[in-house]
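Heads up: the structure comes next, in structure tokens.
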There are 2 protein chains.
Amino acid sequence: MLKLSKKADYALMALQHIASVQPGDVTPGRVVNTKEIAEEYNIPLELLAKVLQTLSKNGMIESHNGPKGGYLLARSARHITIAQILESIEGPLGLTDCSHERSGELCMQREHCNIRTPLLKIQDSIYQLLNNMTLQDMLSGTPLITIQSPSAEGVTR
Amino acid sequence: MLKLSKKADYALMALQHIASVQPGDVTPGRVVNTKEIAEEYNIPLELLAKVLQTLSKNGMIESHNGPKGGYLLARSARHITIAQILESIEGPLGLTDCSHERSGELCMQREHCNIRTPLLKIQDSIYQLLNNMTLQDMLSGTPLITIQSPSAEGVTR
DNA sequence: TTAAGTGCGACCGATACGATCGGAGATCAT
DNA sequence: ATGATCTCCGATCGTATCGGTCGCACTTAA
């Protein structure tokens with residue numbers, strides 16, 4: 001439950017690896033190719049290639065063709081959030097279908113839906129969580145994210 | 001992405017509905033049967049039945065057989081957390097496979113895995129979020145959950 | 001020109017989800 | 001007490017999404 005897909009896993013691993021060889025924020029660093037990452041982390045080569053392609057298409061990384069080609073971060077690691085990465089691979093993230101329903105399609109339960117509002121709040125909280133954490137935070141290993149729930153105070157659980 | 005299953009949706013709706021007809025914490029209230037919930041929220045009857053069965057098996061609700069039978073909350077709404085509900089329907093919740101890996105099965109990437117630690121921290125945060133919110137909070141409509149990320153301070157995003 | 005590398009599309013197989021059907025047990029009315 | 005009705009309960013089936021694979025075209029440095 002709430003498990004993120006293998007492709008998302010691979011995307012995070014790959015980006016973390018690419019970021020780790022980018023010394024500074026501005027320094028171009030060396031490019032890293034698909035094969036290198038696949039062998040390092042035991043990821044199926046072809047699948048990882050697909051993942052990197054979509055990441056490139058969504059502006060997370062830049063691709064360089066030909067020999068000595070490969071990928072490098074499109075922008076600084078501290079400006080790439082976990083939420084952006086996940087949304088690049090899979091669609092927009094949301095607990096419910098109705099969170100991003102376009103006009104015309106509305107769920108059968110919409111009329112008397114009693115969980116829409118609370119779920120949207122939870123969803124926002126999770127999104128904030130993922131959008132406040134960057135690739136840089138994953139590198140430095142000090143995410144240090146805390147959650148405070150006022151409704152928890154004074155209640156015995 | 002991160003979307004919870006239809007069964008989980010139905011479980012939340014049903015529990016919210018059952019809780020809404022339980023006046024007090026101790027008052028038994030009236031029992032509510034599957035058909036009533038299914039018609040109210042346009043949920044396929046048979047599928048909802050399955051959901052309620054598993055909820056009953058996991059101690060979330062109590063079942064009463066026969067005519068005038070139905071379901072009622074097994075314990076007070078303020079002692080049923082969203083996390084408990086979701087875990088009853090789908091397995092234990094976790095972003096990664098490795099978060100609850102039993103001995104013997106370990107992922108190929110475990111050796112050089114670079115995202116395990118940060119992901120586990122995110123996972124814990126989400127779990128706290130879901131485990132601090134109760135059915136009662138969904139009823140009263142005042143979840144009021146806030147998230148504070150220290151790493152966000154002083155960084156321009 | 002050639003080899004190494006990315007980019008891109010179509011294609012399978014498996015897992016799990018949504019949905020359905022028939023049966024067992026309990027309770028109320030007669 | 002007995003039947004009929006209403007409810008819960010377990011097993012089963014189709015399908016869609018995801019993980020994974022294959023092949024070829026395009027680009028670029030040597």
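Values reported hereafter were calculated over all heavy atoms of this structure, with side chains retained and with hydrogens, waters and symmetry mates removed. Letters A, B, ... mirror the listed sequences (proteins, then strands); counts begin at 1.
Between B/Asn65 atom CG and C/dC28 atom P the separation is 11 Å, expressed in whole Å. Spacing between atom NZ of A/Lys6 and atom P of C/dT15 amounts to 11 Å, rounded to whole angstrom units. The separation between A/Leu48 atom CG and D/dC22 atom P is 16 Å, rounded to whole Å. In this structure, B/Asn42 atom CG and C/dG18 atom C1' are separated by 17 Å, rounded to whole Å. Straight-line distance from the CG atom of B/Leu47 to the C1' atom of D/dT12: 14 Å, rounded to whole Å. For the pair A/Glu62 CD and D/dT27 P, the computed distance is 18 Å after rounding to whole Å. Counting to the nearest Å, the P atom of C/dC11 and the CD atom of A/Glu46 are 17 Å from each other. Atoms CG (B/Leu2) and P (D/dC18) sit 13 Å apart, rounded to a whole Å.
Under a 3.5 Å cut-off, the side chain of B/Gln123 and the backbone N or O of B/Leu95 do form a donor-acceptor pair. When atom types are taken as modelled, the side chain of A/Arg75 and the backbone of A/Gly59 share a donor-acceptor pair closer than 3.5 angstrom. A/Gln84 contributes a side-chain N or O that, together with a main-chain N or O of A/Thr81, makes up a donor-acceptor pair within less than 3.5 Å.
Taking 4.0 angstrom as the limit, B/Asn33 places a side-chain polar atom (N or O) nearer than this to OP1 or OP2 of D/dT7. For D/dG19, the OP1/OP2 oxygens have a side-chain nitrogen or oxygen of A/Ser5 closer than 4.0 Å. Look at B/Tyr71 and you won't find any side-chain N or O under 4.0 angstrom from OP1 or OP2 of D/dT7. Taking only side-chain nitrogens and oxygens, B/Thr34 comes nearer than 4.0 Å to OP1 or OP2 of D/dC8.
Between B/Ile61 and B/Leu52 the shortest heavy-atom distance is CD1-O, 3.6 Å.
For A/Tyr41 and A/His17, the ring centers sit closer than 6.0 Å to each other.
Sequence order on DNA chain D of the closest nucleotides to B/Leu52 and A/Leu4 puts B/Leu52 first from the 5' end. Mapping A/Gly70 and B/Glu90 onto DNA chain C via the closest heavy atom, the residue that lands nearer the 5' end is A/Gly70. With DNA chain C read from its 5' end, the first of the two nearest nucleotides for A/Lys50 and A/Ser63 is the one closest to A/Ser63.
Distances from the side chain of A/Pro67 to the nucleotides D/dG23, C/dA3, D/dC18 place C/dA3 closest. Closest to the side chain of B/Pro44, from the set D/dT21, C/dG18, C/dA19, is C/dA19.
At the heavy-atom level, A/Lys7 lies under 4.0 Å from the strands shown only through sugar-phosphate atoms.
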